[in-house]
Amino acid sequence: MRAVTETDLPEIVRVDKEAFPAAPYPFFVVRQFFDAFREHMFVLEDGDGELRGYVMSTGTDDAESWILSLAVTAEMRRQGWGRQLMTEVLSHLRGRGAHTVVLSVEPDNATAVALYDSLGFTPSPGGPVRDYFGPGEHRLLMTLAL
Ligand SMILES: CC(C)(COP(=O)(O)OP(=O)(O)OC[C@H]1O[C@@H](n2cnc3c(N)ncnc32)[C@H](O)[C@@H]1OP(=O)(O)O)[C@@H](O)C(=O)NCCC(=O)NCCS
């Protein structure tokens with residue numbers, strides 16, 4: 001696991017496309033996240049220099065920090081890497097003085113919900129927010145007090 005560099009951007013787009021085939025972040029969005037939040041982005045690289053996962057969050061200037069994305073490539077899943085990426089970014093945010101971390105997750109994404117739950121995130125009381133990302137795209141908001 002290491003800090004992101006500009007040359008990782010096309011690879012992050014590739015990993016994101018694989019993890020979120022229905023609505024991946026386009027290159028320009030990843031580029032803008034990099035410009036705005038690069039110090040809060042971490043990537044997972046295998047021994048051959050290939051990108052296998054990434055996590056990114058917003059900064060810590062506001063009351064809340066948001067996890068913007070988390071992904072691990074299919075062949076690397078269930079080996080603890082998703083948890084390590086989350087632990088890394090949460091520890092980083094804690095070190096920067098963040099108090100609250102929020103994320104949105106697709107309510108049927110049992111794997112991700114279980115991971116966030118095990119890290120101490122709690123779902124917002126009202127349940128999934130309807131149409132959060134547009135018509136039919138409901139999302140569960142989960143919050144962690146650091
Ligand atoms: C979510 C994701 C990042 C998890 O990555 P991972 O490396 O497989 O996760 P880990 O191996 O660290 O597992 C962490 C926890 O997730 C949960 N989990 C992982 N795989 C699971 C599965 N198949 N079923 C249920 N829970 C699962 C467990 O709670 C697990 O903890 P445990 O191993 O102590 O039981 C990965 O599945 C992924 O990239 N999915 C597609 C993109 C995505 O959904 N991202 C999150 C969007 S909000």
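Note that ligands are numbered from 1 as they come in the structure, with each ligand's atoms numbered from 1 the same way.
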Next on the checklist: Is the contact between Asn109 and ligand 1 made by the side chain, the backbone, both, or neither, using heavy atoms and a 4.0 Å cut-off?
Outcome noted: side chain
Checklist outcome for this item: If we number the atoms of ligand 1 from 1 as shown, the ones under 4.0 Å from a heavy atom of Ala114 are 29 (O)
Item to check | Interfacing atoms of ligand 1 (cut-off 4.0 Å, heavy-atom, Ala71) | outcome: 39 (O)
Next on the checklist: Keeping Thr60 on the side-chain end and Leu93 on the backbone end, is there a donor-acceptor pair under 3.5 Å?
Outcome noted: no
Item to check | Taking atom 22 (C) of ligand 1 as the reference point, the nearest protein heavy atom with its distance | outcome: Thr111 OG1, 3.4 Å
Checklist entry - Is there at least one protein heavy-atom neighbour under 4.0 Å from atom 28 (C) of ligand 1? => result yes
Item to check | Audit row: Asp16, Ser69, side-chain contact (heavy atoms from CB on, under 4.5 Å) steps and yes/no | outcome: CA-CA 9 Å; Asp16 205 71; Ser69 194; 3.6 Å; yes
Checklist entry - Side chain of Glu11, backbone of Thr7: donor and acceptor closer than 3.5 Å? => result no
Item to check | Where ligand 1 meets Gly82 - atom numbers and elements under 4.0 angstrom, heavy-atom basis | outcome: 5 (O), 6 (P), 7 (O), 9 (O), 12 (O)
Next on the checklist: Using a 4.0 Å cutoff against the non-hydrogen atoms of Gly80, which atoms of ligand 1 qualify?
Outcome noted: 10 (P), 11 (O), 12 (O)
Checklist entry - So which bit of Tyr54 gets within less than 4.0 Å of ligand 1, heavy atoms only: side chain, backbone, both or neither? => result neither
Item to check | Closest to atom 40 (N) of ligand 1 among Glu18, Arg52, Arg77 (heavy-atom distance) | outcome: Arg77
Checklist entry - Asp8 pairs by salt bridge (charged side-chain N to carboxylate O under 4.0 Å, His left out) with which of Arg31, Arg2, Arg14? => result Arg2
Checklist entry - Which protein heavy atom lies closest to atom 31 (O) of ligand 1, and at what distance to 0.1 Å? => result Arg83 NH2, 2.8 Å
Checklist entry - How about atom 13 (O) of ligand 1: does it have a protein heavy atom within less than 4.0 Å? => result no
Item to check | Glu6 and Arg38 ion-paired at < 4.0 Å | outcome: no
Next on the checklist: Any nitrogen or oxygen of Val72, side chain or backbone, less than 3.5 Å from one on ligand 1?
Outcome noted: yes
Checklist entry - Do the side-chain N and O atoms of Ser118 and Arg83 include a donor-acceptor pair separated by under 3.5 angstrom? => result yes
Next on the checklist: With heavy-atom distances below 4.0 Å as the criterion, list the atoms of ligand 1 near Phe20.
Outcome noted: 42 (C), 43 (C), 45 (N), 47 (C)
Checklist entry - Should the proximity of Glu106 to ligand 1, defined as any heavy atom under 4.0 Å, be assigned to the side chain, the backbone, both, or neither? => result neither
Checklist entry - To which of Gln79, Arg139, Arg78 does the heavy atom nearest atom 8 (O) of ligand 1 belong? => result Arg78
